[in-house]
Amino acid sequence: MCGIVGIVGKSNVNQALYDALTVLQHRGQDAAGIVTSHDGRLFLRKDNGLVRDVFHQRHMQRLVGHMGIGHVRYPTAGSSTSAEAQPFYVNSPYGITLAHNGNLTNVEQLAKEIYESDLRHVNTSSDSEVLLNVFAHELAQRGKLQPTEEDVFAAVTDVHNRCVGGYAVVAMVTGYGIVGFRDPHGIRPIVFGQRHTDEGVEYMIASESVSLDVLGFTLIRDLAPGEAVYITEDGKLHTRQCAVAPKLTPCIFEHVYLARPDSIIDGVSVYKARLRMGEKLAEKILRERPEHDIDVVIPIPDTSRTAALELANHLGVKFREGFVKNRYIGRTFIMPGQAARKKSVRQKLNAIELEFRGKNVMLVDDSIVRGTTCKQIIQMAREAGAKNVYFCSAAPAVRYPNVYGIDMPSAHELIAHNRTTQDVADLIGADWLIYQDLPDLIEAVGGGKIKIEQFDCAVFDGKYVTGDVDETYLNKIEQARNDSSKIKTQAVSAIIDLYNN
């Protein structure tokens, strides 16, 4: 996953873009970038690292202009070279920069077409650069010296016809405006909003509504699947449906883990969805063990806290914070290699012995992916004196890799792949393991005031909504995503960055 933002303002937008990216930092901690446009010139700063580390005062002073786009990166194929930090740029036509959240599943075919038919050069292994070149080629096909909104929307239509996968995009056409668009399945989230200033109306496009809230923008709505929004440099807003047969099937994992709880995605409050996940889990526990002996419910910080609180309320059991989190350690989910993950868990969390000693503890996490982290946390609970350690996942068993922009491991590195619930419980050392049922998760997320009929639940059920993912494709991404491949790739990336710097 990644975070994207685009702003067309009435004054310099560099600070607003920076602030928006800090709010979206949870969507990517690998790299960050901002590009602005002023008097037909582009000003770009991007590099590996957190937003606060990439942008210093000297960089911000150079990022002039009243429109720009930004990106925080979370790699999905293991590469962390700064050459793949976004936004990407092509000079023809007009000078276009692009930032992308998601993953194209037909990227190999597109890369071949770009080279052989479009006569364009791609300089990295990023599918985002491929997507940029597809968009640039289709816009150039209009043959206009000055593109209109009709030209932009026609280009987006052609992008939809060529590109398959999950993608939410912001692109800036130098001197003309910013376009945002979403794949025909609406897999990855993207919203837009406005705010009124003394100089006029400003517009913002972003991955999550929380970034609009923090900057004082009013949410207009989510982009519909296949839809595009185009905001001209002088502040005129245009929207258009650009796909032939769009169907909303958003990624359900956004609500489980990826998005901030204070965001609203496709009209659904992430916070309320997680509350309902806790309710559903409590109902399942009461069905399976009505005479349970749980003394205390303890969340694993941070994303499971909301579900755990509601779970405890419905069970009539005490809710306690049993772990203290060191907030200066990077998220274990994105750290390369199992060895690094194992080391980081102890640095990241510390148990409060008072909440564990002599108790039957129900630990709650948002999901179980590799199982490495939860295994160590269960061991920490035992060392703190827990009598029995039960483990609860707010999501169903993750059995399949994600192919639409989340860095899930290869299938064989997923602890639940080809294993039963009891197998997983034994491997992680839990006295009892309970998963959310998929129908309950779907009801929790899609059962609010806004009804969503279908979700992308591929990581749980192996059904990929784009219809083009087969065993051959999954084998290819397994080669790219397994830990040994990542370690090799990152070693090469480090050497390349050292040479470039």
Side-chain angles (χ1 to χ4, degrees), residues 26 208-210 213 252-265 268-290 292-327 331-333 348-357 359-369 373-374 377-378 380-381 384 386-396 430-449:
H26 63 285
E208 292 185 34
S209 63
V210 63
D213 298 338
I252 202 166
F253 213 73
E254 289 279 353
H255 291 272
V256 171
Y257 172 76
L258 303 181
R260 274 181 45 153
D262 44 349
S263 281
I264 297 173
I265 298 178
V268 177
S269 164
V270 176
Y271 177 75
K272 287 188 176 181
R274 290 178 183 168
L275 286 176
R276 290 191 289 266
M277 290 177 208
E279 293 176 16
K280 297 292 185 183
L281 279 170
E283 291 170 3
K284 183 174 181 179
I285 289 171
L286 292 173
R287 285 196 308 270
E288 294 195 357
R289 294 195 183 184
H292 69 81
D293 59 353
I294 302 168
D295 295 316
V296 62
V297 172
I298 294 177
I300 297 172
D302 284 313
T303 47
S304 64
R305 186 173 283 118
T306 307
L309 180 60
E310 199 67 1
L311 174 100
N313 286 338
H314 275 68
L315 291 179
V317 173
K318 291 179 181 179
F319 172 89
R320 291 290 186 268
E321 295 284 355
F323 295 102
V324 176
K325 185 176 182 180
N326 180 352
R327 304 192 181 276
R331 286 159 63 184
T332 57
F333 189 74
K348 187 176 181 179
L349 294 177
N350 190 45
I352 301 173
E353 185 176 319
L354 177 67
E355 299 297 348
F356 291 91
R357 185 155 300 281
K359 298 177 183 178
N360 296 322
V361 179
M362 172 61 81
L363 300 180
V364 182
D365 206 352
D366 52 73
S367 59
I368 303 172
V369 182
T373 299
C374 55
I377 289 172
I378 289 170
M380 289 169 63
K387 182 180 177 182
N388 287 295
V389 183
Y390 310 137
F391 203 93
C392 195
S393 169
D431 295 302
W432 176 32
L433 171 63
I434 186 164
Y435 282 110
Q436 184 88 263
D437 291 333
L438 184 54
D440 284 345
L441 176 62
I442 293 171
E443 177 64 23
V445 178
K449 291 182 180 179

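- Residues His314 and Glu279 have side chains in contact (heavy-atom distance under 4.5 Å, counting atoms from C-beta outward).
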Determine whether Ile434 and Ile285 satisfy the following criterion, side-chain contact (heavy atoms from CB on, under 4.5 Å), listing intermediate values before the conclusion.
CA-CA 8 Å; Ile434 186 164; Ile285 289 171; 3.5 Å; yes
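- Asp295 places a side-chain N or O within 3.5 Å of a backbone atom of Asn360 that can act as its donor or acceptor partner.
- In this structure the side chain of Arg274 never reaches within 4.5 angstrom of the side chain of His255, judged on heavy atoms.
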Applying salt bridge (charged side-chain N to carboxylate O under 4.0 Å, His left out) to Glu321 and Arg305, what does each step give before you reach the verdict?
CA-CA 9 Å; Glu321 295 284 355; Arg305 186 173 283 118; 2.6 Å; yes
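- Taking the side chain as every heavy atom from C-beta outward, Phe323 and Ile352 never approach each other to under 4.5 Å.
- Here the CD1 atom belonging to Ile368 is positioned 5.0 Å from the CZ atom belonging to Phe391, to the nearest 0.5 angstrom.
- Between Leu275 and Glu310 the shortest heavy-atom distance is O-CG, 3.3 Å.
- Of all heavy-atom pairs between Arg276 and Glu443, the closest is NE-O, 4.4 Å.
- With contacts defined as side-chain heavy-atom distances shorter than 4.5 Å, the pair Leu315/Ile294 qualifies.
- Nearest heavy-atom pair across Ala381 and Leu363 is CB-CD1, 4.4 Å.
- We find the CG-OG1 distance between Asp365 and Thr303 to be 6.0 Å, quoted to the nearest 0.5 Å.
- Remark: Asp440 does not engage Lys284 in a salt bridge, criterion side-chain N to carboxylate O under 4.0 Å.
- Residues Met362 and Leu311 have side chains in contact (heavy-atom distance under 4.5 Å, counting atoms from C-beta outward).
- Donor-acceptor pairing under 3.5 Å is recorded for the side chains of Tyr390 and Asp293.
- Contact of the Val317 side chain with the His292 side chain is registered, since non-hydrogen atoms from C-beta on lie closer than 4.5 Å.
- A donor-acceptor pair is defined here as one N or O able to donate and one able to accept, closer than 3.5 Å; no such pair exists between the side chain of Ser304 and the backbone of Pro299.
- One distance of note links CG of Leu441 with OH of Tyr435; it measures 13.5 Å at 0.5 Å rounding.
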Determine, stepwise, if the pair Asn350 / Lys325 fulfils side-chain contact (heavy atoms from CB on, under 4.5 Å).
CA-CA 7 Å; Asn350 190 45; Lys325 185 176 182 180; over 6 Å; no
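- To the nearest 0.5 Å, atoms CG (Asp302) and OH (Tyr257) are separated by 9.5 Å.
- Looking at Val296 and Phe319, their side chains never come closer than 4.5 Å, going by heavy atoms from C-beta outward.
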Report the C-alpha distance between Asp437 and Lys280 in whole Å, list the side-chain angles of each, state the deciding distance to 0.1 Å, and finish with yes or no for salt bridge (charged side-chain N to carboxylate O under 4.0 Å, His left out).
CA-CA 9 Å; Asp437 291 333; Lys280 297 292 185 183; over 6 Å; no
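- Put simply, the residue from Val268, Leu258, Asp213, Val210 that forms a side chain to side chain contact (heavy atoms under 4.5 Å, CB included) with Ser263 is Val210.
- The CD1 atom of Ile442 sits 10.5 Å away from atom CD of Gln436, with the distance rounded to the nearest 0.5 Å.
- Ser393 and Ser367 make their closest contact through OG-CA, 3.5 Å (heavy atoms, listed as atom of the first residue, atom of the second, distance).
- To the nearest 0.5 Å, the span separating SG on Cys374 from CE on Met380 amounts to 12.5 Å.
- Side chain of Asp366 to backbone of Ala394: no donor-acceptor contact under 3.5 angstrom is found.
- Between Ser209 and Asp262, the shortest heavy-atom distance links the atoms OG-O, 4.4 Å.
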side-chain contact (heavy atoms from CB on, under 4.5 Å) assessment of Ile300 paired with Leu349
CA-CA 9 Å; Ile300 297 172; Leu349 294 177; 4.2 Å; yes
Should Val445 and Met277 be marked as a side-chain contact (heavy atoms from CB on, under 4.5 Å) after you check the CA-CA gap, both sets of side-chain angles, and the distance that decides it?
CA-CA 8 Å; Val445 178; Met277 290 177 208; 3.9 Å; yes
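- Side-chain atoms of Trp432 and Arg289, non-hydrogen and from C-beta on, do get closer than 4.5 Å to each other.
- Pairing each heavy atom of Arg320 with each of Lys318, the nearest pair is NH2-CD, 3.8 Å.
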